[in-house]
Structures are given as structure tokens and as C-alpha cells.
Amino acid sequence: MEETNNISKTYNPAEFEDKIYAKWVENGYFHAEPNKDKKPFTIVIPPPNVTGQLHMGHALDETLQDILIRYKRMQGYEALWVPGTDHAGIATQIKVEESLRVNEGLTRYDLGREKFLERVWDWKKKFGDRIINQLKKIGSSCDWDRERFTMDEGCSKAVKEVFVNLYNKGLIYQGSRIINWCPHCITALSDAEVEHAEQAGHFWHIKYPVKDSNEYVVIATTRPETMLGDTAVAVNPDDERYKNIIGKTLILPLVGREIPIIADEYVDKEFGTGCVKITPAHDPNDFEVGARHNLEQIKVMNDDATMNAYAGKYEGMDRYECRKAMVKDLDDAGLLVKVEDHSHNVGQCYRCGTTVEPIISKQWFVKMKPLAKPAIDAVKNGETKFVPEHFEKVYFHWLENIRDWCISRQLWWGHRIPAFYCDDCGEIVVTKDDEAFCPKCGKKMRQDPDTLDTWFSSALWPFSTLGWPDKTPEFEYFYPTSVLVTGYDIIPFWVMRMMFSGIEHTGQVPFSKVFIHGLVRDSQGRKMSKSLGNGIDPLEIIDKYGADALRFTLATGNAPGNDMRFYMERVESSRNFANKIWNASRFTLMNINIKENKLPDLSALELSDKWILSRYMKTVKSVTDNLDKFELGIALSNLYSFIWDDFCDWYIELVKTRLFDKESESGVAAQYVLTYVLSNTMKLLHPFMPFITEEIWQHLPHTGESIMISPWPQYDESLVFSSEEEQMQLIMDAISAVRNRRLEMNVPPSKKAQMILVTKRLDIFNAGVPFFEKLASASAVTVTQNKDSVPDGAVNIVVAEAEIFLPMSELVDRDKEIERLTAEKKKLEAEIKRVEGKLSNKGFVDKAPKNIVDEERAKGEKYQAMLDKVLETLSAL
RNA sequence: GGGAGUUUAGCUCAGCUGGGAGAGCGUCUGCCUUACAAGCAGGAUGUCACAGGUUCGAGCCCUGUAACUCCCACCA
């Protein structure tokens, strides 16, 4: 990064972003090592799925993390950002199967497990690399030496360690229970992986005849096909209507099987007919009832939700086909009493949208209650804090209502379950070893064919990536991590599971802060999705507007945890901001010939210098404070207005005259201040817009290799000049007032005018003379205490502490002037009335803080003085 | 059926512990002022959803109402 003042005329991020990133990587600035002399600051990336490419939500997530990590790095922390990707079991397997089907007409079974997995690894390589490249384009300062993958060797080791430990503690068990089954993905799902959607359905009322009698009961069901697996009908024991038939036997229609009528508290007398068919193999409640009454469990479906042999004549039909056929048969048999419309919630697979089937199945589970408790406590006692805080409620709600976690998946892509079976004697061994021999008969054992829920490995990510279960120096130093940055939609899947896993396996919470952000939506507020085709590719935005503009857009105008809308006008305005910075820097470079970046002696500072330094210091403070509070949007908007309004619109304009005379003492001082403020402001902006700030910083006089490893600006009280700020404010207000009047009177800027400023505060306004000349189109300025020199009929402007006259009597329209002054008078009187109202309120004067009361008094005096002048002018007319 | 969030300028949104309503975009007026027309200067636009309450003082705190959004939920 050579030092030159030749900086291209227009802001063109494509010219330097990639080059700068390559330099950063080359110099190892992103790399972190355990370092006793520094405090660690650690973030592990929420690993993007290797299913495809990054979307705008990722861009937001990465931008926020990069802002935090760069900020802390500059503050002197040993800042580590661990990058990586997630194997995303179901999601990736579906993608690869789909591509196999479309491109080659093959299924995974055609290839076989081993060959299929090779294909998935190919896919992983391709998309994993693409994702890493996208991360780099955004500017992410990840430690690429520590890039991880949820199925790499280390993560696999951690997974086995955890599985075996939990198994040995009795916290992992195998059992036959009702789970959510996706017939399309052919696998079990956890509760979190099921989305519920309201669906229009029916309530079928069906007669079940009582054996050896003309009696019958009527049950109501939304899933008639499951009656093939009914093994009882239940009524409430207190239901008078049915008391006398408890214990009798029913003939299951269409099947002919005999089933008992049982009594169970579970049945709600008020709902439906008060009789409930019990299908223990296909419904979680019925499963419980069945268990209490020792009922047989008859599973009537295959894994793909077609009916099996227990369905008799319906065998081979799809579940919905079967439903239709059965309803018709029941109707034909006169057993269908009525059909009601009924909308109810149906579970759908979160990956493919297929309606899940609750089904009995032998799976592996994690016992959640003992793990949930400490995870709840850790947030309750503040060891881990959510930002914004209200997301803790979501977290608590999940953990407090949690049921055991089904972790086995009938997929090929994922961590193989480390359990081995002996086909001869049925012995089970759970081990970290890759193979096992039966402890009883010595025979080589068969490994469980299933894999683990993707989230099982993601749950270990904060420590598996740092070397756990080994006590590596990295683990010892960087763990627990500092902040987790993620979207609120992923709290139940991931945040919660990392929490209880971290506490259980490392004895420590995995992170002390959880910084939650919202979703990125399209311009109409809709979720960006493939099916709607409304997604915007972050890379396209970067190509066109630059990564800095994208980052600015994502980091601004939004409070933590809230969703945001993304649209091009916002990106354009971000790019315009970058362009503004670019040009202000170009101006600076064109006007300095100093070689050092330092401040001149305080004695050399002029009013405007003190003003901008003071404003700058306040910006340092607000940006730092807001970053510490995760208020990135506020921090950034403070910087925006400091740069654009204070630095560009005022300071640069104020010092132009001095800069024309580069060699003068005043000109040199201006160069130093200009350079100092710009360069340090670039530091404040660097976490948000890393590329442009580096590019500019490199061109300015500097010490050190890169802005990204330069120290974060410190707040320095000695550079806060409050009275100069106030003085400058009065001058600026006067300038604005003159500009306003001139525009009102249609005076072109090219027409200069004499200006007489009457004030009692010569000390304040004398310093403003050059500024009035430069910025208020004044040809000659007179600052005086009396009105003697004011010609008759001059244009009059009343401002705080002064009255300004422009001798342009030919432009003054007496009637209009009276009208304007009357309006002014009204306004001032209203203000005075408001202030007086407050001050005459005894409660206010007595109870309000003194500084507030004093402020009001001062305002009152100021407005009164202005009103007096307005009245004076008015009466003269 | 629970729970959360939102409601502020034409649009999109800020507004930190209560002390005279803000930004960006759009719009209107005037400017090619040699850093920037991706710009400069100036202007207009708000019963801060509604109704109560607390307070000297409420966009902000409390209660209730309405609308929208989201999450959770085994009434068959």
C-alpha cells in the first residue's frame, strides 16, 4: 500500500477493495494467538450451511460481527473471529439428492452410501469455498488459519466425546416413542424442526359399533386413516353418557378388530363427542394413554407414509389416498355420521414443507430436563445476557417447556451415531472408537446406520472449534467466547443448545453476550425467499456499490433485534456517503503538504479548529459508548452526521481560506487539524466501512502499517472546547440566517453584499468576520456595538446575540417586511409564553433539576432580547 | 389458547436513563461556489395509533383498547 497523493477522482470501490483485503490477509492481521499481554475477545461465526450461497441475512450477520471484532481489535484486544461452515445434514442431503435426480436421474440408493457421501463432500467443497469467498468480499476479518467445518476431524471428535459422555451419564437414551417423521426426507425430526401451519381440514364423525349389540359410539377424528391402528376408544371416567359402556368391546370398522372402551382422564368431555379413538402408534397423546392402559401399538404406515400390511386392503396407498378411500367406504357402510369443516394446526418439515407424521419410532434422545435447568439459571443470574434483553423470554419459554430432544436422523450425511450393535446377542456398545467388538461374544459389531441431528454438532461449535475436548491453549485462552451474533429465528435451534451444551461439557457458559438481530426483508417487508424470487444477492450489491456501502446499509437505520427492509435507495445513499468521504479526503490530500499526522500546539489552534476538535471528541465518546452498548446504528449515524454535517459542510468550508495560504502559520495549523480529524475519524469509521477507511488512511500521513491494527481513538477532555463550540454555533446560526434571508429575497449567491453586525458581544462575532465573507456572501463586514452606521431601509435579520443588516434597501418590500416581522414576532411571543408558563409553574421551579430551570431562564432571556429587536424594527417601519 | 414485537413526516425508520419531535429517501426553491450534481444552500410536511393514569413535565413510565407482524401450543 504505497503512499501517494494520487487518489482517483471518483469513488470506485472495485479498484481497491480486493487488493486491500489481500494485503490484510497477507500480513496476518486477522490471525489471533493466545497472548498473555492482551485480553481476549472472541466471536465464533454462526456457520453458514454449505447448502448454497450467502444471502442478505448472512451479510447482515457477518457485518455486525466484523464491526465488533474490528472495534475490539483496535482497542487492543486479542480479537479472534473463528470462521467456518455447517454440514447442515438434512438441508444439504436434500440439495444433493435433488441435483442427482435432476442431472443424472439417480437416487442416493442407486449410488449407495459411500458413493453418495463422496458426492456430498464434492458439493461441500464447492459451496463451502464459495461461501468463504463471499465472506471475504464482505470484508470479514476472520482468522482463516482457524477455519472449521462441523464435520471436520476436531468437531467429529467433540461430537463423539459428548455423545459418549451423555450416554454414560444416562442423558442420552434410545427409546421407542412418538416422534415427528418427515415422509419426504424419510427421517425423524426434532420438535424445533417442525413448523406449524393452520390448515383447512375436516372432522369426520364415525360410528364404532359395540360388539354383540346394536349400540355404537361416535368418535370424531381429523385423520381417519390412523383408525386402522386404533387399539381402544377412550372416554372420560366421569362422563355420565358413557359410564355404562366402559369396559365393553367395540368392533373397529373396516378392519373388524376388537378394541376395548377404556376410561382416561385425558379425554375432554366437552370436546367433540367425548369419545376418542386411541392410536398409540400415531399420536403422542394416544401413546401416553396407551402406555397407561397397556395397549398394543399398531403402526399402519411405512416410512414414506404409504400404508403398510396392517392397513389390509389399503396397503400400498398413500396416506391421503387411503383417507379418501376409507371415508368413502365408511360412508358406504353407513358408518359416517357427519363431516365438519375444521381448521387445525398441522406440523410441517422445516426443510421440505411436507406434513410430518407423528409416528412411533425407535430413536436416540437427549434427556432435556437436567440440562435445561442450568441453562435457564445462567441467563437468570446474568452470566449470559441477551441484547436486546426481551429475547430472553423466548429463550426461557423454550427451555421451560422443553421435551426430550430426538437426535437421530435416518440420513447419510452427518455424524454417524457412535453406537454399535451385536446382531447375535443384541448387545449395545457406545464408544468413541471407529469400530467395536461385542464384549459378550467377541463378534465385530455393526454401527448404527443413523446420523445425528445437525444441531447436535452446532451446539458444540463455540468450544469444539477451539480444540475441546483437548485442553488446548486456544480453548484455555479464548473460551468462553465474548459475543454470539445471530438472528432471533435461531434461538431455539442453536443458542439454547449451545448454552446447555457449553455448561454441561465445559462447565462454563459459551458466551457472555448474545447479540440478536432481526431479519432482512425486501422493500415490501416480505421475507426474502427463493420461492418468491425476491432475494437480493449481496455480491451483486458489492459489485455495483462496494462492500462498504452494503455494510453501511445493513448497519444503519435499525435498532437491535428489529427486522429491516432492504432496498436500493438505501444502498445508493450509503454509496453517496462513501463518495462524500472520498471527496473530502481528496480535498484534504490536495491541500496539505505536511508529512506528519499530529496536532499543532494548542496556541496555534483557531476558533474553527477548536470547534471541530471538540465536535470530534464528542463523536469519539458517543461512537465508543454506543459500540459498547451494541447500538451500532446509533454509533454509525453519529459518525455520519459528524462527517457530513460538521466536517464537510462546515469545517472544510471554514478552513478553505486559510488553506489557500499553505505556508502561513494559520494554514499549517489548519492542515494539521484537517489531517488529524480526518484520519482519526477514519479510525472510528473503520469497523463499519473497512475498505474506504483503509484506502484513505494509507494516503494520509500516518504511522503504522494499517488502520485496522491502529489504536482506537481515545476521548481527550483537553480537546473539548465548550465555549468555542458555543461561539461557533452563534456564528454558524448567523451565517444560516443570512443565507436564508438572501434566498427569500431571491438574491443570487454571486451578488455579494455589505454586512453590518450589531452586537454587544464583539468578542464573539469579530472572530466570525472571515466566515461571513466566505460563507454568507458578504463583501465587507462591520462588527459594531451601535446602529449608527446602518443605512436606512437596510435588510434586517435578528439572531441570538446580534442584529444583522444588509444595506440592500432596493430589495426591501416594506409590506412584505412588515408581514415577515409580524410572523417573527408571533413566533417569539409564543416561545416566550411557553417559557414563562414553565417558569411561573411553582412545581417546575421547585422540583425540576436546576440546570433545566436555568436553561429555560436563559432561553427566555434570549427570546426576549430578540423580540425587543424585532419590535424596534417593526415600529421603525 | 398463550407469549412477544410493532404503531412517530408522503415512504423506510431512529429517538439511550421522562426536560422544547429527528435522519435518509422523496418533495419545493435557488445554485455548475475549482473536494464532491453520488453535490451545495435554503424551505415545507407530524393531535408521536386511541383512551385513561402517574408526574412540575410523557413519544418515552403504568393501565386498558384497536390494528398489523411474528413465535409458541398434543383438544382428538
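Protein chains get the first letters and strands the later ones, always in sequence-line order, with residue 1 at the start of each. Just so you know, these numbers come straight off a predicted model, no measurement behind them.
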So, does the side chain of A:Asn345 form a donor-acceptor pair with the base of B:A73 at under 3.5 Å? yes
Can you tell me if A:Asn740 touches the phosphate of B:G43, counting only side-chain N or O atoms and a distance under 4.0 Å to OP1 or OP2? yes
So does A:Glu836 pair up with A:Lys833, basic N to acidic O under 4.0 Å? no
Say we look at B:U8 and B:A49: how far apart would their C1' atoms be, to the nearest angstrom? 10 Å
Between B:G15, B:U29, B:A4, which nucleotide has the shortest distance from any of its atoms to the side chain of A:Leu743? B:U29
A:Glu572 CD - B:G39 P separation (whole Å): 10 Å
May I ask you to evaluate whether A:Ser736 reaches the phosphate of B:G42, defined as a side-chain N or O under 4.0 Å from OP1 or OP2? yes
Examine B:C40: is either OP1 or OP2 under 4.0 Å from a nitrogen or oxygen in the side chain of A:Trp650? Give yes or no. no
Both A:Phe647 and A:Ile735 contact RNA chain B. Which one's nearest nucleotide lies toward the 5' end? A:Phe647
Which nucleotide, B:A35, B:A38, B:C74, lies nearest any side-chain atom of A:Asn285? B:C74
Take atom CZ of A:Phe630 and atom C1' of B:C16, then tell me their distance rounded to the nearest Å. 15 Å
Starting at the 5' end of RNA chain B, write a dot or bracket for each base, bracketing those in Watson-Crick or G-U wobble pairs whose two distances are under 3.5 Å and using | for partners on another strand. (((((((..((((.....[..)))).(((((.......))))).....(((((..]....))))))))))))....
Does B:G39 have OP1 or OP2 under 4.0 Å away from a side-chain N or O of A:Asn576? yes
Nearest-Å distance once atom C1' is located in both B:C70 and B:G64: 23 Å
Do the side-chain N or O atoms of A:Arg570 get closer than 4.0 angstrom to the phosphate oxygens (OP1, OP2) of B:G24? no
Are side-chain N/O atoms of A:Glu288 and A:Asn285 paired as donor and acceptor at under 3.5 Å? no
Measure from the side chain of A:Phe844, starting at C-beta and using heavy atoms only, and say which of B:A76, B:U12, B:G19 lies closest. B:G19
Is the phosphate of B:G42 approached by A:Arg742 (side-chain N or O, under 4.0 Å from OP1 or OP2)? no
With a 6.0 Å cut-off on ring centres, are A:Tyr640 and A:Phe577 close enough? yes
Ion pair A:Glu653/A:Lys656, N-O distance below 4.0 Å: yes
Are the aromatic rings of A:Phe386 and A:Phe391 close, with centres under 6.0 Å apart? no
Taken to the nearest whole Å, CD1/A:Ile852 to C1'/B:U17 is 13 Å
Over how many whole Å does the gap from A:Asn562 atom CG to B:C16 atom P extend? 13 Å
Over how many whole Å does the gap from A:Arg586 atom CZ to B:G39 atom P extend? 14 Å
Is the shortest distance from a Lys or Arg side-chain nitrogen in A:Lys629 or A:Asp625 to a carboxylate oxygen in the other one below 4.0 Å? no
Quiz item: A:Glu653 side-chain donor-acceptor pair to B:A35 base, under 3.5 Å: yes
Whole angstrom is fine here: how far is it from CG in A:Asp563 over to C1' in B:U7? 15 Å
Value in whole Å for how far the C1' atom of B:U34 lies from CG of A:Asn583: 13 Å
N/O donor-acceptor pair, side chain A:Arg739 with base B:A41, under 3.5 angstrom: no
So, is A:Asn401 close to the B:G3 phosphate, meaning a side-chain N or O under 4.0 Å from OP1 or OP2? no
OP1 or OP2 of B:A35 sitting under 4.0 Å from any side-chain N/O of A:Lys656? yes
Check: A:Met368 main-chain N/O paired with A:Asp404 side-chain donor or acceptor under 3.5 Å: yes
Ignoring the backbone of A:Trp398, work out which of B:C74, B:C72, B:G24 is nearest its side chain. B:C72
Check every atom of B:G39, B:A4, B:G24 against the side chain of A:Ser573 and return the nucleotide holding the closest atom. B:G24
Distance between P atoms of B:A9 and B:A4 (Å, rounded): 26 Å
Using atom C1' in both nucleotides, what's the gap between B:C48 and B:C60 to the nearest angstrom? 10 Å
Using only side-chain N and O atoms of A:His196, determine if any of them is under 4.0 Å from OP1 or OP2 of B:C72. no
Counting any heavy atom closer than 4.0 Å, what does A:Val276 reach on the DNA or RNA strands: base, sugar-phosphate only, or nothing? base
Between A:Asn851 and A:Glu855: side-chain donor-acceptor atoms closer than 3.5 Å: no
Between B:C16, B:A41, B:C72, which nucleotide has the shortest distance from any of its atoms to the side chain of A:His397? B:C72
State, without any angle test, whether A:Lys621 and A:Thr619 hold a side-chain donor-acceptor pair at a distance under 3.5 Å. no
Please state how far atom NZ in A:Lys580 lies from atom P in B:A37, giving the value in whole angstrom units. 9 Å
Would A:His397 and A:Tyr395 count as a close aromatic pair, with their ring centres under 6.0 Å? no
